[in-house]
Amino acid sequence: MSDNVKMTALRYDSDRPKAKNPIKIMDLSLRDGHQSLFATRGRTEDMIPVAELMDEVGFWAIETWGGATFDTMHRFLNEDPWERLRTLKRYIKKTPFSMLLRAQNLVGYRNYADDLAMAFVERSAENGMDIFRTFDALNDYRNFETVVKQIKKCGKHFQGCICYTLTEPRLGGDVYNLEYYVERAKALEDMGADSICIKDMAGLLAPYDAYPLVKALKAAVKAPIHLHSHFTSGMSPMTHLKAIEAGVDIIDTCMTPYAYRTSHAAVEPLVMALLGTNRDTGFDIKKLAEINEIFEKQILPKYKHLLDDSKVSIIDINVLLHQTPGGMLSNLVNQLRDMDALDKIDEVYRELPRVRRDLGQIPLVTPTSQIVGVQTVNNVLYDTPDERYKMITGQVKDLCYGLYGKTAVPINPELQKKALKGYPRGEEPITCRPAEVLEPEMEKARAEIGDLAADIDDVILYAQFPVTGRKFLEWKYGRAEVPENVKPITLEAVKKKDEIIKKAKAGQLIERKSDTPAKSPRARTFNVFVDNEFFNVEVDPVGGAPVISGQPAPAPAVSAPPVSAPAQVVVPVAATAPTPAQQVDVSGTLLLAPMPGMIVKYTKNVGDAVMKGDTVVVLEAMKMENALTAPCDGVVKVIQFKSGDTVAKGASLCVIG
Ligand code: CO
């Protein structure tokens, strides 16, 4: 293509001669960009300053929604996800919107029933979505059937994804080879895909694999080919160029401040690299620079504290070593750190491919990356020399049952049998389209949430996120106070903080005792009188639970889950009363949280009789639900938390005696 470059007369602006076959660009800054770099914490108010300018660039589409945004917005930002869609649509009028849809998983982490899936797609289209980039973690397109029917019915663009994954360092092997991807692309075309996306979520696609892959797909199907390749491993800019040479139609990029690391390559260098060629984007680089400046000066200062700057390097070579998404690796590290087991990371790396193989060599993408990751950590922490898979997560059980779909290769039958022992839906795995065994959900959700939902969008939010969705609706409608930590920060606050940091660096601050704990909202004020002196004292109960006096016996040497400890405990009846609480003696065994997480629900009430092994509480950790079982026979005497509470590792969840 270099023969088309005329080195003289080349202009930066958009008036330059149009290329013969310009590469189309989708911008991801407003979704995958901040999802990858800033834990999806981007707020709508910080998208508005650039929205109109971005509409002028000439992007094929702008990704604005979907993926983790829906979850994060209502859970951590106190923002209504539907409202973002409508708001951005008022500023971005020309450029189509794209969203990431996890097929039957919608924007959550499990397969939802058909009625909910249909309602979600319809409402997304109504609220302004144009392109539905749809993927299934197992590349099982039976999970596309319902949503695709609805996307088409709404007259919208269906983009079908093939999750790109490997079992070897490069394209090939028995499972994920060229034939596999060509066959999947043809299947998508048969389903009516308006475009086909190679979704390289981990940055595994090497440039010299991208070239033959794109060539093969272009030869096999008519639909435009779109490449989504994360930067994580450092290969993606090279991969982009080879894909462009092979004739790829659309490339995903981010604006520079949202680019690189685990995000995507930046658009600006690509615009310059292709300037004057037959694939010239035609973009005005000065316009891009203008957007960059707004991001840099007005917006990013509010987010830079979220950037993982623990490493100088912006490339994660672990991805090249383990063929595993970078996000998954950092989740594993965080999870191990939370459990004081960071020294086991090498064991986790060794165990991970074994777990993946046992689970049918599935691609690693949300939610399968979490499913494989959390199970791997569980195996490393809890397995004993004579028992593997001692603590199987609910999601692994669902996967073994077939609830996520068909795996690339069969699941290890021994593990499958163990996982399905006592599984409530049945011990025999299904082979049909998973949603066929799911009962409708919308009516149930509507009944449960009642008048807290003002419209169908509220119901859909609640149906996918029952615990955090309810909390959000309570904030939204003023039924509960909005906590400080979900409120936005201002540029002024950031500046103040930066000044303090500057002072600290210059040695102008007196160091505070570093072990001073932060004051919680439970702190109570007491007036204390000593002789004639008066003190105002704040007392903050520790642990967020009723204070338990008495000594739990040491945990068993092999801390087989769920962790339990026999104990003679004294529990105050009124947990938060500042007056001395009435004390009752409760003797029994404590069920301790084996990991930090959020209580989804208690499946037993105080007074219920339980048998050893019965599920008592469901704990969400790393987005996986863990059923914690009674460590002994007895009666539930005390329940310490409620649905939605966050608990630390070792928190006593209930007393059974
Ligand atoms: Co992505």
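Numbers here simply count residues along the sequence, with the first being 1. When a ligand or atom number is given, it counts from 1 through the structure's own listing order.
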Establish, for the pair Lys89 and Phe97, whether the NZ or CZ atom is under 6.0 angstrom from the six-membered ring centre and no further than 45 degrees off its axis. yes
With a cut-off of under 6.0 Å to the ring centre and 45° to the axis, is Lys156 in cation-pi contact with Phe132? no
Over 60° means perpendicular and under 30° means parallel, so classify the ring planes of Tyr109 and Phe465, tilted if in between. perpendicular
Residues two or more places apart in sequence or in another chain: which of them pass side-chain contact (heavy atoms from CB on, under 4.5 Å) with Leu270? Ile25, Ile244, Ile251, Thr253, Leu274
If waters are left out, how many protein N/O/S atoms lie within less than 2.8 Å of the Co ion (ligand 1)? 3
Closest non-hydrogen atoms of Met255 and Leu288, given as atom of the first, atom of the second and distance, are CE-O, 3.5 Å
Can a donor-acceptor pair be found, under 3.5 Å and without considering hydrogens, that links the side chain of Arg261 to the backbone of Ile314? no
